[in-house]
Every structure is written in structure tokens, then in C-alpha cells.
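Because only heavy atoms are used, hydrogens play no part in the values below, and waters and symmetry mates are left out as well, while side chains stay in. In what follows, every chain begins at residue 1, and chains take the letters A, B, ... in the order their sequences are listed.
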Amino acid sequence: MKKRVLILWDETQYMVKAEKLLHQLVTEAGFDDDDYELVKVPMPKGKKYGKREIPQLTAWAAERIETHKCKYVVAMGSNAYQAVTGQTGIKKARGKPVEHGKCILLPMYHPNMVVHDPGNLPILEADFQCLNNVLEFGGIPEERDLDFVIVDTWGKVNQMLRALRGCVSSDLETSRLYPFTTVLDDKIERGIKLTQAEEDQYRATHCEGKKSRSLQSLLPRVISIQFATAFKQWIIPAETAGIWSRRELEQIVEQVTEKLEDCYLVGHNWKFDALWMRVRFGVDWKADFDTMLAHYILDENDNHGLKYLAQKFLGAPDWDVAGDVKTSWSMKNAKYAAHDVYYTRKLRYYFAKQLKCDSEVKKVFDEILMPCVHLFTEAEFDGVYVDQAKFGEAEAYLREEVAKATAELDKWAHPEWAEVDKATGKPTINWGSPKQLARLLFEDLEIEVVERTKTGAPSCSESVLLRIDHEMVGALLKWRAAQKQLSSFIEGWKPYIDLKGYLHPSFKLHGTVTGRLSCEHPNLQQVPRDKRIRSLITAPEGWELIEADLSQIELRIAAELADETAMLEAFRSGVDVHWLTAIREIERGAGYKDEVIDTAYRYDQKKRNYSDAIELLLKIGPDIAAELNEFWKETRKKAKAINFGYLFGMWWKKFKIYARDNYGVHITDEQAQESRKAFFALYGKLPKWHDRQRRFARMNGYVRSLSGRKRRLPEAMNGRDTPDRREAERQAINSPVQSFANELNLMSAIQLRREYPRAQVRLAGTVHDACLVYARKAKVSEVYTRILQIMSSPALLTEFEIDLKVPIEAEAKIGPWGAGVNLEKWLKAQKEAA
DNA sequence: TCGGGGGGCGCG
DNA sequence: AAAGCGCGCCCCCCGA
């Protein structure tokens, strides 16, 4: 009897399991044995098919398809896919039915993928659902559920307004990703011609390579605003379509805003759309459910793109269109837009159901992630203010530094070594090129190679340069430092500074696997601590910048999780744990006798023996010790790195390298091993906690932070002790700490926003364990005091039923970032100024 | 001409 | 055997 579907796949190592699984999938999808024919493709001679095998293979496949006379062909796995099409790339092709000669081909992953990782099951299920759709439709299905309306008359506006109730999804198409008007946008808008350099920079920032687009079309514009309701999708042509006037558009937006108040609003990466609506229309659309963040909290390891998710979970087709279709108004664009909202709305039901299965994860989503959408929409909208005068000064200074260093370095660009520049006839070396530099140092100058990179090239990193005895090293390091600051933070910021001098860094709530946020355009979280750069970020007129950070928060959380007696005791009694580590380490080796006894003597002019002096140092803490002797400043910094390194699984070999690079201390292997042992002797419960985490991850394939957030670590379940598994185990230790530290910070930011109106207090951004906040001048004292209270015990902790043994402490500074002072000093300065 | 990888380095 | 974690961005370089 003739079968409808031909399934091609290949022989693999877990064939029994795979076959069982396939049978199960096929049955669940509603097929019986008469529906399909299962055929194995010939195995490649080696691991993969060779180039010469391909024509033979495709001929074989074509013949099989011909003899079976099936209209539908399923190719499972890359080999089967290659057999049919001659092409590689199953990852991109899977789940999308295509016409192949006389038949319809549906590529899928091999069932083995699920045998290897059961988490992939939904992908295959969705693909079989897709196969069903294809059979039912009798070809490649159009989206029959899709029913979109172009809202281009007042009649349709009214229809739409009536339909906007219950669960509504929304989405925007925009001309580019960055919504704010920059200096160059303003020039274009006003018809001022850009210089070539300006145009290049502008395109590099906004164009993503598409050189053909006119500058006009790159201005920040909303192309369309769309909604999906139960049965229809409503596409409102917006700023560039020329269908509605500005005034009419604003009128429509206003009426929609009113209706949305009573809707359950769903978005995918809603912060993006909310920000655009705020910037372009001044309205505040709050979402109740973000499908991207829902999927992020459900699987932090996966991608979170809308199309990807719709294909993976809903068996949707690939509705992607070329880039230029998305950035200008057209019917194609409207159809694309309709897909976006349609599937966003569908995904919300799917993910809401998934979230219900894990109430702990759901809580993080509801209480932290969703509130952050609104919080960070506002923060990004406001942005951070850049001191324009100081910015110019810093730029001039850095250019001078780079020029000086370059002049110094160019002495070494001898004609017989360096490439000769054709234009100037002078030998040049690009000091930013590791390759050219390596040639100069290790070939021409015949310096011995110190270290190699993982690809085998001689390394030119700072740590290597410091070990090279050559007079150009100093200039080289100066050049790098100045060049880095200039390119990353001066030139790097320029394209993003808006007309009023603000930067609007974009925070990705889904940016990391641990639950931290990432930040880009520009990245506020990597601004150097060097005051020259950091203090460029400051408060605008009438406001003050307050930076409040959680003190040693990761260490505190580790102490809590490990129930580490000595650490908890130190935190309770106010001893600085980095200091404790440092002093005990010194004591162990009976080192720095002179400094220890001398500093103790300077403190109160009393003579002490070594061990009494040690105890005194421990008591007075690093700050006072540093005042008595500069030496202790370095000591504490060193111990900080030791704490974090050992805490999260650093091995003694790395510690040895660390000590050498950062402190110029050359220790022996034995000393390094001894140091590690001593650390774990001092904090005896840490290894037990490490073991607990490793075991749990190995058993369950995930760990949770105190808030309940999951970090999925499938590699931890590997049967064998592989490097991958080791990595997962270290993450099992680090993740809950990093994750919860960040959550405490976010809980505080959320609460601060709830307690103060925007007219008084605004969040400017977060940096992992710190909040950057703008407060009205008149409110500074109050906010300063309150934020410290909030951070040391945010109300959401109670909501999460978390009761910490370890005390949480915060500290705050007022003033330009990185150059602020405490409240006392600030008040004094205010008084003097008045 | 682009996209991606590598090297290097800024932050927590 | 091999052993801190998490990011983004700059520049160079090379292959498609």
C-alpha cells in the first residue's frame, strides 16, 4: 500500500532508544504505521560525508523518493537533510516545510537529539505538529488563523478600539533600534549636511551594514503599531506611512492608551516598545506579561527571539522578511507585523502555563522581572547626564597622551623591521595590532616569548609586557591605557549622547545566564573607576547623583549559603572579611613582622608582640591600618581577589599567576598550595557547601538561588568527569551567589521607585550590586538615609519568605560618579557653599 | 564588503 | 586531567 510520508534518517549509536522515541512521536502526532515509511540513509565513510559522496547521495535520495512516490518527505538529522538537498545547515532549515521537486520536504532534528537532552523534546513535537499541518493543508500552509486589519480609516479605528479588551498583545516596528535623537539625527532632521566621517559613524551606529538606506530613513521613527486580540490583528500605519497625520496619530494613540488601561497587555521584550512609545508619543504603556522574559526565566540557556520561540513551541512557520521590509511601511511589513503580535499573544498562554508548574520561578518573574520592565523603561528614558565640559577636557587630555605615547613608540618602527607606509614613505607599526607588535618584540627585537595565547600566537598582554625588560614597555602600556579610554568611553559614547547631553544605556533584563542584567549602547557597567572617566557621569541641574552599593554582598551571600561560621561571625561583628583573610594569611606565614608590629605601635604607642599586634590590626580594620601605613591598602586588595577566587573554585596554580601579575609576588608551588589550604581551613564550611552544590547539580541538572530562580546546568549531569561537567559544577557554586546579589539590588531599586514619585527620585541605572539614583537636591538627605535602609532589608525579602542570618549592609556616596562623598561631607559642603 | 573569531581589557 | 564566575566593546585579521 502506498504511504503518504517518507521519513529519512540515519543509523546512530543509540538506535534502539531513538527508534522507540520516533515511534512514540509519530503515534502521538496521530499517525499510524500505514501512513509512513521509514528509510535509513547510507552512512558516510568517515564522520561526515565527503564532497565526492554528495552527488551519489542526493541521487540515491532522489531515487528513493521517486520509488516511494510519497508527496511528503521528512529528513531527520543533518545527514538525512544533506542526502536530500545536498546542503548542510539543519539548524536553520528545521521545522520549515519547503518544496523539493514534486514533494514537500520537512527537515527536522534527529531523534537522537532528544535522547541526548530530553529538554529538546518540544522541538520535535512542534515539528511533528507542523507535519500534521502540512498534511491537513495539503501543502505548505498559509497562516489561516491570521486575519489582520490595516487600520487606515476612522471606521477601522473604532472597530479596533471596540476589540481592545481582555488579553491584548502589542508590538512596534521601528526604523532602527535606538529611539533617541542624537546630535547627528538632529543635523539630518534640520537638513544640515553630514561630513563623511559623521556619516560613517552614523551608519555604523544605526544601519547594521545596510549601506543603501538613505540617511532620512534612518531617523528614529515608528513604522507601525500593532495589536492582536482574540480573532484579529490590528496594524496601525504610523510615522512614516503617510496615512495618518501627526495629529491624527496622536489622537489614535490617546484613545488606545485609554482602552489599554483595562486590558491585560502582552509584549515580547516590552521594554523596547514601551521606550519607543514614550520617546515618540509620550505615552506610558505598561505590560502585564513579557513573553521574552517569561522564556528567559524558564530557560536562561536558550535563545529568546520571538520567531524562534514561535517555531519551537507553536510550530509556526518562519515569517521573517528582509531587513528593509521591516524598516519602512508596506503591505509586506504589515503582514510581518501581524505575525509578530499574533504569536506573541499565543506564546503568552503557552508560557503562563509553564510558569504555573514552578511557583518559585513564577514568583521571580512576577515580583522582580515584570516590575523591572517598567522600572528600566523609565530609567532608560531619563538616561544619565554627561558633564559636557569635563568630557571635552578628558578627550583633549587623552588625545595628547596617545600622541605622546605614539611618538615615543614610533622610534622603534625601524625601516628594516616595520612595514613602510606607501603614502608617507615612513615605516609604521599599528600599536593596536597584537600581530605587528608580536613581530617587532619577538622576532625583530628577539625578545624571548613569555607566554602563548590559546591559539599558539605569542601573547602581548599586559601581564606579558610587564615581564619583558625593554624600554618601550612603559610607553606601550601608557598608549594602551589612553587609547582604551579614548576609543571606548570618549569616541564610544559620542554616537549615543542626545541633544541635552544624556546617555541612554540599554539594560538587558535577559542579558546573562545568572540573572544579572547586562548593559549596552553604551555599557554603563564597564565604565572605568578612573575618576577621569567615571566622574563624567553626573547629575543635571537641580538633582544629585547618589550611588548606593551593597557592601561585600557576594561574600555575605556565600557565608549565608555555606553557613560559614567564621565568615558569619566576621560580618556580624563588623570585621571586614577581606581584611580577615589578609591578616590570617599573613599570620600563617608569620610575615611582614616589621609592618605588623610597627603599625600596632603607631596606633596607640604601645609595644606588642607579633600575635597581639595581629589581633589589634584585625580589630582596627583596613581603613585605620592604611592611615597608619600605606602598605595595608594593597594587602586588603590582594586578599579580596583571593577571597573571590578561592570562594568560586580557583585552583592554586591560577593563584600563583594572580599573585605574580597583580602584586609582583613570586611564590612557589608549595606556598600557593599552602595558601589555598589555609583559606579553606579558615573557612571550613565552604568546601562542604561546594560539595552540596556539586552533588545537587549532578543529581538534578540545575541549582536555585535563594529567591528560587533556577540556573539549569545540564552538563553537570554528565556521567563522566569531563571539563564541561567541572565547569557546570563551578557555575553551580557561583550562580546562586551572583544571582541573589543582583536580585537584592533589584528588589531595592523596585522598592525605591514605589516609595518616591518620579519628580523626586529616579533610577539612573544599576551596576550588579549598586544602584545609581538621581534625587532632587532638597530630597538628598532623606533619600540617602532611606536607600541605605531599603538596601539592607528590602521589603520583597519578606514577600519571598527569605530570612537571612547574615546582616546586609549598604553604603552610599553623593556627587559625580566615583567622586562622591558621604552625607555628612555633602551637607557640610552644601553649608559652606551657601 | 561583510561577519565572526581572537586578543585584549574595562567592570562587578 | 584540570580546575573562579558573569558581561560588552574596541581593534585587528581573515575568509567567504
Side-chain angles (χ1 to χ4, degrees), chain A residues 204 207-212 300 430-438 451-465 476-477 480-481 483-493 495-496 505-508 510-530 533-534 549-550 552-555 558 640-655 657-658 676 679 686 690 693-694 711 713 720-739 741-742 745 765-770 817-818:
Chain A
C207 208
E208 288 169 2
K210 299 273 177 306
K211 264 207 133 175
S212 54
E300 73 285 355
N430 181 346
W431 301 106
S433 160
K435 203 179 166 187
Q436 292 179 37
L437 182 61
E451 225 172 71
R452 289 189 179 274
T453 66
K454 62 179 172 189
T455 51
S459 168
C460 301
S461 68
E462 185 171 328
S463 103
V464 166
L465 293 182
L476 206 44
L477 292 177
R480 277 194 185 168
Q483 179 62 30
K484 171 91 184 172
Q485 290 199 349
L486 188 63
S487 62
S488 293
F489 306 104
I490 300 293
E491 290 302 334
W493 285 3
Y496 297 107
S506 177
F507 292 86
K508 267 193 187 153
H510 63 296
T512 74
V513 286
T514 57
R516 272 187 177 181
L517 312 189
S518 71
C519 180
E520 57 188 2
H521 307 144
N523 182 348
L524 192 71
Q525 297 175 328
Q526 63 175 165
V527 176
R529 286 158 66 179
D530 184 340
I533 301 294
R534 191 167 271 208
D549 65 280
L550 294 157
Q552 303 138 38
I553 190 60
E554 293 203 342
L555 223 45
K640 194 171 165 180
I642 299 175
N643 275 334
F644 285 123
Y646 285 152
L647 183 62
F648 296 131
M650 182 175 68
W651 203 240
W652 61 268
K653 270 196 176 172
K654 178 124 182 198
F655 171 68
I657 294 166
Y658 192 90
R676 188 170 186 279
F679 179 87
L686 288 183
H690 286 185
Q693 291 302 103
R694 278 192 277 259
R711 172 81 182 96
L713 298 163
R720 287 183 308 120
D721 184 7
T722 60
D724 278 355
R725 192 175 90 175
R726 288 285 172 157
E727 193 181 337
E729 288 173 357
R730 289 194 300 276
Q731 289 169 340
I733 294 163
N734 175 277
S735 277
V737 177
Q738 207 181 92
S739 178
N742 167 67
N745 197 45
T766 60
V767 188
H768 308 310
D769 61 1
W817 196 19

Query raised in the report: Do any side-chain nitrogens or oxygens of A:Ser488 fall under 4.0 Å of OP1 or OP2 in C:dG8?
Result: no
If I take atom [atom1] in residue [X] and atom [atom2] in nucleotide [N], what distance separates them, rounded to the nearest angstrom?
| X | N | atom1 | atom2 | result |
| --- | --- | --- | --- | --- |
| A:Glu520 | B:dG10 | CD | P | 21 Å |
| A:Arg480 | B:dG7 | CZ | P | 13 Å |
| A:Arg730 | C:dC5 | CZ | P | 4 Å |
| A:Lys484 | B:dG7 | NZ | P | 16 Å |
| A:Trp431 | B:dC9 | CH2 | C1' | 20 Å |
| A:Phe489 | C:dC9 | CZ | P | 10 Å |

Query - Stacking check A:Phe648 vs C:dG4 (5.5 Å / 30 deg) - result: no
Query - Pair A:Val737-A:Phe648, side-chain contact (heavy atoms from CB on, under 4.5 Å): steps then yes or no - result: CA-CA 10 Å; A:Val737 177; A:Phe648 296 131; 3.9 Å; yes
Requested in this report: State whether the distance check finds a donor on one side and an acceptor on the other, under 3.5 Å, for side chain A:Gln526 versus base C:dG8.
Outcome: yes
Report task. Please evaluate the base of C:dC5 for a donor-acceptor partner in the side chain of A:Gln738 within a cut-off of under 3.5 Å? Result -> yes
Requested in this report: Indicate the ring-plane relationship of A:Tyr496 and A:His521, choosing parallel, tilted or perpendicular according to the 30° and 60° boundaries.
Outcome: parallel
Report summary line: When both distances are under 3.5 Å in a Watson-Crick or G-U wobble arrangement, the nucleotide paired with C:dG4 is none
Requested in this report: Answer yes when A:Lys484 and A:Glu462 have at least one side-chain N-carboxylate O distance shorter than 4.0 Å, and no when they do not.
Outcome: no
**Report entry** From CZ (A:Arg516) to OG1 (A:Thr766), nearest 0.5 Å
**Finding:** 10.5 Å
